[in-house]
> 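Okay, here's the structure, questions in a sec.
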Amino acid sequence: MEQLEGRIVKATGGFYYVQTDQERLECRARGLFRKEGTTPYVGDLVQVEPTQPGQGYLVGIAPRKNSLVRPPLANIDRLALVVSTTQPEPNALVLDTMLAIACRREIPALLLFTKSDLCRREELAAVYRGAGFPVVEVSSKTGEGLEEVRGLLQGGLVALSGNSGAGKSSLLNALFPGLQLPTAAISDKLGRGRHTTRHVELYPLPGGGWVADTPGFSAVELEQYGLMTKDQLQYCFPEFEPYLLQCRFTGCSHTKEKGCAVLEAVERGEIAPGRHQSYCALYDQLKEIKEWDPRFSQEKEGRRPRPE
């Protein structure tokens, strides 16, 4: 039977929507994926067998260059973290968790500080620029930064992710008016956004490439987004790299040891104290996860960890 190649651009209700060179097909997945414990992700490059006009079966998945468990997304070229400067307030630990996950998955990351017309966060932006991440301050209302962001999003597959109410959908609408994505107001009572994006979906960009709008979140658990060991975490904070080989003994946790070059760099102001605080908080989380945890092997095989 004829097979076509394409990319999964949307997944909802057990259906996978695959964009081929000719058309978009609504597909079910063959039972072999369930037997293997493999979950197809949006962004996957796949093989499909058409069954009737507009429909088919998903029969194969090409090897992924990277993936995120939550949101379930594969083959990401850049991760753009959308950070609201206010309403809701930025959460540094959530940001640092997502950036650590991106580094672990070898996904280049950048930060988009939205609502710059309402509030400026120069000090926080400087922290992330100092850590080596591109930062753009942007406003969907005034147009500040839109042209720069539009250039950063062109080509490849770019995922927009961020806390609920950060303005992801509003930003995409301002950048590409043809998308007409739904948006919602911030809750005055709760001070946070409502989830307007319910699933991951890829949208083609006018200049080429894809952009993924992902569901918002209010908190991030490392265990939900992708596991790593406590020893791997140090390599997920790029600003630590120049100091890692300068510690007085091997196996340094960079949390409290005397003679730790990372701690000395924090004291000298060469590493932002807030970033190091996030590192310590994540390190404490990861100490509770053992390397023999079966979810590690599931991650390595590209499977979604099953809930306990």
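Just so you know, residue 1 is the first one in the sequence shown, and it goes up from there.
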> To the nearest 0.5 Å, tell me how far L245 CG sits from C252 SG.
11.5 Å
> Side chains of L157 and V211: does their closest heavy-atom pair fall under 4.5 Å?
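Heavy-atom side-chain distance check fails, nothing below 4.5 Å.
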> With a 3.5 Å distance limit and no angle check, can you tell me whether E23 reaches the backbone of T20 through a side-chain donor-acceptor pair?
no
> In terms of heavy-atom contacts, does CD of E106 have more than 12 from other residues, nucleotides or ligands at under 6.0 Å?
no
> State, yes or no, whether a side-chain contact exists between V46 and E5 at a heavy-atom distance under 4.5 Å.
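No, too far: nothing below the 4.5 Å cut-off.
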> Take E270 and Y243, measure what side-chain hydrogen bond (donor to acceptor under 3.5 Å, both in side chains) needs, and give me the verdict at the end.
CA-CA 10 Å; E270 295 167 10; Y243 310 99; 2.8 Å; yes
> Would you kindly check if the NZ (Lys) or CZ (Arg) of R64 is within the cone defined by 45 degrees around the ring axis of Y41 and under 6.0 Å from the six-membered ring centre?
yes
> Assess the residue pair Y17 and C27 against the criterion (side chain to side chain contact (heavy atoms under 4.5 Å, CB included)); give the C-alpha distance rounded to whole Å, side-chain angles, the decisive distance to 0.1 Å, and a yes or no.
CA-CA 6 Å; Y17 297 84; C27 299; over 6 Å; no
> Give the C-alpha distance, both sets of side-chain angles, the deciding distance and a yes or no for side chain to side chain contact (heavy atoms under 4.5 Å, CB included) between K65 and D77.
CA-CA 9 Å; K65 69 177 181 181; D77 292 295; 2.3 Å; yes
> Anything under 30° is parallel, anything over 60° is perpendicular, the rest tilted; go ahead and classify Y279 against H254.
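Judged by the thresholds at 30° and 60°, the geometry between Y279 and H254 is tilted.
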> Would you say L152 ends up clustered with L171 if hydrophobic residues are merged whenever their side chains have heavy atoms under 4.5 Å apart, either directly or through other cluster members?
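Yes: a chain of side-chain contacts under 4.5 Å links L171 to L152.
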> Looking at every non-hydrogen atom in both residues, tell me the closest pair between L146 and A174 and how far apart they are.
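Of all heavy-atom pairs spanning L146 and A174, the closest is CD1-CB, 4.0 Å.
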> Please tell me if the side chains of F133 and L110 come closer than 4.5 Å, counting only heavy atoms from C-beta onward.
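With C-beta onward as the side chain, the pair stays apart.
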> L73 and G43: which non-hydrogen atoms are nearest, and at how many Å?
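Distance-wise, the nearest heavy atoms are CD1-N, 4.5 Å.
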> Using the side chain to side chain contact (heavy atoms under 4.5 Å, CB included) rule, take N173 and L175 through it: C-alpha gap first, then chi angles, then the decisive distance, then the call.
CA-CA 5 Å; N173 285 337; L175 290 166; over 6 Å; no
> Just by modelled atom types, is the T229 backbone N or O under 3.5 Å from a matching donor or acceptor in the Q232 side chain?
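Checking the backbone N and O of T229 against the side chain of Q232, a donor-acceptor pair under 3.5 Å is found.
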> Can you name the closest pair of heavy atoms from W210 and P204 and give their distance?
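The pair with the smallest heavy-atom distance is CE3-N, 3.5 Å.
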> Is there a donor-acceptor pair under 3.5 Å between the side chain of S116 and the backbone N or O of R120?
no
> Does any non-hydrogen side-chain atom of L282 lie less than 4.5 Å from one of L93?
yes
> In this structure, which one of L25, L202, V9 forms a side-chain contact (heavy atoms from CB on, under 4.5 Å) with Q19?
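Answer after filtering L25, L202, V9: V9.
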> Taking the side chain as C-beta and beyond, is there a heavy-atom pair between P40 and I61 under 4.5 Å?
yes
> Output yes when a side-chain donor or acceptor of K10 lies under 3.5 Å from a complementary backbone atom of V200, and no otherwise.
no
> Would you check if P90 and R121 make a side-chain contact, meaning some heavy-atom pair closer than 4.5 Å?
yes
> Look at the side-chain heavy atoms of Ile, Leu, Val, Met, Phe, Trp and Tyr, link any pair under 4.5 Å apart, and say whether I271 and Y283 land in one connected group.
yes
> Shortest non-hydrogen contact from F249 to K258?
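Scanning both residues, the minimum pair turns out to be CE2-O, 4.1 Å.
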> Is D284 paired with K230 through a side-chain N to carboxylate O contact shorter than 4.0 Å?
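Salt bridge between K230 and D284, a charged N being under 4.0 Å from a carboxylate O: no.
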> Could you see if F33 belongs to whatever hydrophobic cluster contains Y57? Use Ile, Leu, Val, Met, Phe, Trp, Tyr and a side-chain cutoff under 4.5 Å.
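Result: no, two separate clusters.
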> So V48 and Y16, do their side chains get closer than 4.5 Å, heavy atoms only?
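Of all side-chain heavy-atom pairs linking V48 with Y16, none is under 4.5 Å.
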> Calculate, to the nearest 0.5 Å, the distance between atoms CZ and CD belonging to F15 and Q55 respectively.
7.5 Å
> Would you kindly check if the NZ (Lys) or CZ (Arg) of R104 is within the cone defined by 45 degrees around the ring axis of Y235 and under 6.0 Å from the six-membered ring centre?
no
> Starting at OG1 of T12, measure out to CD of E26 and round the result to the nearest 0.5 Å.
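One gets 10.0 Å once the value is rounded to the nearest 0.5 Å.
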> Would a hydrophobic clustering, with Ile, Leu, Val, Met, Phe, Trp and Tyr connected at side-chain separations under 4.5 Å, put L263 with V127?
no
> Can you tell whether the side chains of E49 and R30 come within less than 4.0 Å, N to carboxylate O?
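R30 and E49: salt-bridged.
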> Nearest 0.5 Å please: distance from the CG atom of L99 over to the CZ atom of F237.
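Answer for the CG-CZ pair, L99 versus F237, is 8.0 Å.
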> Decide side chain to side chain contact (heavy atoms under 4.5 Å, CB included) for C247 and E257; before the verdict, give the C-alpha distance in whole Å, the side-chain angles of both, and the deciding distance to 0.1 Å.
CA-CA 9 Å; C247 294; E257 297 88 344; over 6 Å; no
> So among V136, L79, V83, V82, which one has a side-chain contact (heavy atoms from CB on, under 4.5 Å) with L111?
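Looking at V136, L79, V83, V82, the match for L111 under the side-chain contact (heavy atoms from CB on, under 4.5 Å) is V83.
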> Out of curiosity, K115 NZ to Q87 CD, how far, rounded to the nearest 0.5 Å?
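One finds 6.0 Å between NZ of K115 and CD of Q87.
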> Looking at every heavy atom in both M228 and L286, which two are closest together, and how far apart are they?
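Where M228 meets L286 most closely, the heavy atoms are O-CD2, 3.3 Å.
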> Shortest non-hydrogen contact from Y128 to A92?
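For Y128 versus A92, the nearest heavy atoms are OH-O, 3.8 Å.
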> Are L118 and L124 connected, step by step, through hydrophobic side chains (Ile, Leu, Val, Met, Phe, Trp, Tyr) whose heavy atoms are closer than 4.5 Å?
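Shared cluster, no.
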> Looking only at the side chains, is there a donor atom on one of T86 and E89 sitting less than 3.5 Å from an acceptor on the other?
yes
> Determine yes or no for a side-chain-to-main-chain donor-acceptor pair under 3.5 angstrom, with D44 supplying the side chain and I8 the backbone.
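Checked: no pair found.
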> Assess whether salt bridge (Lys or Arg N to Asp or Glu O under 4.0 Å) is satisfied between E201 and K168, documenting all intermediate values.
CA-CA 13 Å; E201 184 167 355; K168 298 186 302 298; over 6 Å; no
> With sequence neighbours left out, write down each residue that passes side chain to side chain contact (heavy atoms under 4.5 Å, CB included) with L45, or none if nothing qualifies.
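Result, side chain to side chain contact (heavy atoms under 4.5 Å, CB included) vs L45: R7, A62, N75.
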> Between D96 and S278, is there a donor-acceptor pair closer than 3.5 Å when you use the side chain of the first and the backbone of the second?
no
> Answer yes or no: does atom CZ of R248 have more than 12 heavy-atom neighbours from other residues, nucleotides or ligands under 6.0 Å?
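No, not enclosed.
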> Do T85 side-chain atoms and C119 backbone N/O form a donor-acceptor pair below 3.5 Å?
yes
> What is the distance from atom CZ of R268 to atom CD of E264, rounded to the nearest 0.5 Å?
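The distance works out to 6.0 Å.
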